[in-house]
There are 2 protein chains.
Amino acid sequence: MRRFVIGRGRNFLNRSHQQNLLSSSSSHCQSRFLSSTSVIDSPSSSSMAPTSSPAITVDSLNPKVLKCEYAVRGEIVSIAQRLQQELQTNPGSHSFDEILYCNIGNPQSLGQQPITFFREVLALCDHPSILDRSETQGLFSADSIERAWQILDQIPGRATGAYSHSQGIKGLRDTIAAGIEARDGFPADPNDIFLTDGASPAVHMMMQLLIRSENDGILCPIPQYPLYSASIALHGGTLVPYYLDEATGWGLETSEVKKQLEAAKAKGITVRALVVINPGNPTGQVLAEENQRAIVEFCKKEGLVLLADEVYQENVYVPEKKFHSFKKVSRSMGYGEKDISLVSFQSVSKGYYGECGKRGGYMEVTGFSAEVREQIYKVASVNLCSNISGQILASLVMSPPKTLEDAFNSLEGITCNKAEGAMYLFPRIQLPEKAIKAAEAEKTVPDAFYCRRLLNATGIVLVPGSGFGQVSDRSPALGILGAPYCLKRTRFQRL
Amino acid sequence: MRRFVIGRGRNFLNRSHQQNLLSSSSSHCQSRFLSSTSVIDSPSSSSMAPTSSPAITVDSLNPKVLKCEYAVRGEIVSIAQRLQQELQTNPGSHSFDEILYCNIGNPQSLGQQPITFFREVLALCDHPSILDRSETQGLFSADSIERAWQILDQIPGRATGAYSHSQGIKGLRDTIAAGIEARDGFPADPNDIFLTDGASPAVHMMMQLLIRSENDGILCPIPQYPLYSASIALHGGTLVPYYLDEATGWGLETSEVKKQLEAAKAKGITVRALVVINPGNPTGQVLAEENQRAIVEFCKKEGLVLLADEVYQENVYVPEKKFHSFKKVSRSMGYGEKDISLVSFQSVSKGYYGECGKRGGYMEVTGFSAEVREQIYKVASVNLCSNISGQILASLVMSPPKTLEDAFNSLEGITCNKAEGAMYLFPRIQLPEKAIKAAEAEKTVPDAFYCRRLLNATGIVLVPGSGFGQVSDRSPALGILGAPYCLKRTRFQRL
């Protein structure tokens, strides 16, 4: 048995360690399941001496674990926790009186309130027996109650406390696939969706599948989100960096990626995948569509899996930029299942909802063979399933309530411009000729006639469009409804 | 670069595969983070040919993944899902009309209803803004409302949608540690608790820490829960089996464990840990305390980490058997932190609650050095935190509402025997001399006097104990309250 030293494997405490690593290259064991009848072909001549208590020292841990670093929860956070404790036990002991954790995107820890609709639905799904109670009507919105029923009907036996299908509840995956289709304009298959406890486990799952040894490399942007370096280290692979250019707004040049790929190949590294984080973490850029096309083309040409971290898809703040999923981009280039292996990661932790603590997310897996898919399914199944509340939330963020303008535009004879600000919509209603004639008979303008009839029939108070001097007499204006309906519009303010 | 074939690595589809495995034994790279300045000492002379589209084939996946099997969600379940679909699209196509999934302990999928108290608290924590509303009093029990407030006060900023501390919310860990102390009669430290998305990720975490190569072995009971073989395979270690004896009720003999340990050592395996599942899965036995002592002694002597899967601790069905945690057993033997490395796994999925879909659980980690603990913390932090609903539920199952008898016995002047059956308690109330005198002045027996005063003051109807012929005149009897208070008593019927 050979022993060798991994030099400078800095651990969490930033100290050097020397580890004994058992070389596995010479044993061709048929099975790791060592029964009395199984054979180890090459038993080593000298076994490690049995350890004595304490059983485990840091030097005898998995060296991959020692090598892994995770900056966003590393030393700085440990110091912060100590300072917080000191402030608690000894107020005034520091020049500040509270710790603000800006080390990680965790909006609700900084006071952002959750979206009411999402939480109402979650609460109702947690405790469905109140759905039929009259008090519930007063406490929860009708929309939430209706959605909770819809979701419960999608869950076998309405059992929110049961393990689900390993990929997640089928009905929720249907909803998510429909949301992806609506977003991209290209088909999405619920069987491609794997619901996970946030995006991190999905990333780990793909790294676990792709990395065989340290000779396998994963191309990652630098600066990168430390999850990627941590996950690659834990799975024993090699991070192959490509650099984003700060001078050009953290631009991603495929020429740079190509250069790094070639350099890695020259060192004997088999590069298996390219990670792209769009919108960027921690750099905050949004990729242009043509840039995305070049990346897709590159991955296709080089036979790389494209791992698209798209958890910030709802976080776009400038009017001239728009999020395009890599799936949409590749499909719009005419590339389908046979052409490119693509995994898109999404999370409930980001966007306007910021539900980090709920640990919901999914990956959409396309362009892999049925055999590879079986393996992904198997790895997913070892942890049984992701948490059901997170699954429900993932379905909700991919199918939020329609905005009022969407609702108007889905009605026959009504059109409405997009709400861009303020609190109002000014829809246009195409009244039938008979209604216009009836208005004339009553010696009133048609829109006032309509508003009066609507009020008498439903109790809803509108202002006739003619009251605003609008040229057409067919477009009553109305104040927009409360927050749950304004999700899309309020998301920028909330973040 | 050497190539060799792993023979008979059966994958999920039960087919043979031949994989190319890159040997890592000859490269001493200083860092897996391959920057332009980092050096690979031993670049191989021939790199793997770049793959072409499709990027990934099953033969180029991580061979550890291919080797992993997971019986409880394996081929049989896939067939079941197909049959279920066939029954749905073509009723009457089989000789049965529904599929019953008994492949895994998933009680709520088979119709077990969740415990109301737990679900009420979860719903209130999901949507805390209803806590102050008057309708909530009618919908939720006062106990649930009070507990939800308590829990929210333990969460920084009451933010149930924020990432928590990587080990879980400190206040919830305090509650769990107190629950462990009450269970065991020995101290428990909240800093030893790591909250996880069910017990499975905790098991993976320990395997990841302990397994360096296939020369590291983990002793596991056979029959075993397939999570262990799957996790060991995924982390590239060797499962060292010890056999439970069906003839003696699945007895666990340390002589058998010792024999297997020695056999593994002789084959060059460094055995790092012993897994014990108690109560047993899938075998259903409950270990005797003396048997547990022998196991503790064995682990201490051999320097093995004791991995105690104790997720069935509430599932004991015979009066002559009792669950003892391995922590309690080792502490009662006088062994402390310095003597034995012990990890206890607990889950919200089992017990009388069976909340599988909530993915809550924890591990209690004792007897490791501070440096090793830092590494465990780091691995936990890479996934940020477990889901908050699961965390809350884990705290609830370790601190369920007190039974009514406990509540009585905590009141001054009241004692009450344990409820063993039926629907009643018969507590004894020590009335003060003045009350007895006042009763005599009204020419009534003291317990009837008490019951009348209680009714007039509170509206609660009791039966005076004298009405049952009880010799003492100081013990009114009363009917017990509803289900949330009867948790402990009803758990056997519920399972």
Side-chain angles (χ1 to χ4, degrees), chain A residues 7-8 12 22-25 30 32-34 40 43-44 47-48 51-52 55 58 62 70 73 106 108-109 114 119 122-123 126-127 130 135 138-139 159 161-163 197 200 209 212-215 230 238-239 267-268 270 303 305 341 355-357 359 371-372 374 378 381-383 387-389, chain B residues 8 12 22-25 30 32-34 40 43-44 47-48 51-53 55 58 61-62 70 73 106 108-109 114 119 122-123 126-127 130 135 138-139 159 161-163 197 200 212-215 230 238-239 267-268 270 303 305 341 355-357 359 371-372 374 378 381-383 387-389:
Chain A
R8 283 191 263 164
F12 198 52
L22 293 172
S23 163
S24 64
S25 63
Q30 295 179 343
R32 299 243 154 78
F33 197 113
L34 170 68
I40 303 271
S44 64
S47 72
M48 297 276 289
T51 55
S52 59
V58 75
N62 178 357
Y70 193 56
R73 293 235 163 166
N106 196 6
Q108 294 191 29
S109 78
R119 292 306 190 95
L122 286 185
D126 267 342
H127 192 37
I130 63 171
E135 297 97 323
L139 274 181
Y163 294 126
D197 292 310
S200 302
L209 279 150
R212 295 160 297 187
S213 76
E214 63 190 352
N215 290 328
T238 295
L239 189 153
K267 287 170 183 160
T270 304
V305 178
S341 301
E355 290 279 16
C356 306
R359 311 309 287 125
E371 282 183 329
V372 173
E374 291 269 10
K378 181 179 67 181
S381 75
V382 174
N383 275 332
N387 82 87
I388 306 296
S389 295
Chain B
R8 282 193 264 164
F12 199 54
L22 293 172
S23 163
S24 63
S25 62
Q30 294 180 346
R32 299 245 154 78
F33 197 110
L34 170 69
I40 303 272
S44 63
S47 70
M48 297 278 287
T51 53
S52 59
S53 295
V58 75
L61 292 182
N62 178 358
Y70 193 56
R73 292 231 164 171
N106 196 7
Q108 294 192 28
S109 79
R119 291 308 190 94
L122 286 185
D126 266 343
H127 191 37
I130 63 171
E135 297 98 323
L139 274 181
Y163 293 127
D197 292 311
S200 302
R212 295 161 297 186
S213 76
E214 64 190 351
N215 289 327
T238 295
L239 190 153
K267 287 171 183 160
T270 303
V305 177
S341 301
E355 290 278 16
C356 306
R359 309 311 286 127
E371 282 183 329
V372 173
E374 291 269 11
K378 182 178 68 180
S381 75
V382 173
N383 275 333
N387 83 87
I388 305 296
S389 296

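In what follows, chains carry the letters A, B, and so on, assigned in the order in which the sequence lines appear, proteins first and then strands, with residues in each chain numbered from 1.
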Search all heavy atoms of A:G161 against all heavy atoms of B:N106 and return the closest pair with its distance.
O-OD1, 4.4 Å

Counting only heavy atoms closer than 4.5 Å, note whether A:D197 contacts chain B via side chain, backbone, both or neither.
side chain

Output the distance between atom CG (B:N387) and atom CD (A:E355), rounded to the nearest 0.5 Å.
12.0 Å

Looking at CG of B:L61 and CD of A:E371, how far apart are the two atoms once the value is rounded to the nearest 0.5 Å?
9.5 Å

Among the options A:S109, A:A162, A:A159, pick out the one with the most heavy-atom pairs lying under 4.5 Å from chain B.
A:A162

Looking at every non-hydrogen atom in both residues, tell me the closest pair between A:N383 and B:S200 and how far apart they are.
OD1-CB, 3.3 Å

Non-hydrogen atoms of A:V372 and B:V58 that approach each other most closely:
CG2-N, 3.5 Å

Side-chain heavy atoms of A:Y163 within contact of B:Q108, under 4.5 Å
no

Find the distance between CD1 (A:I130) and CG (B:L139) and round it off to the nearest 0.5 Å.
5.0 Å

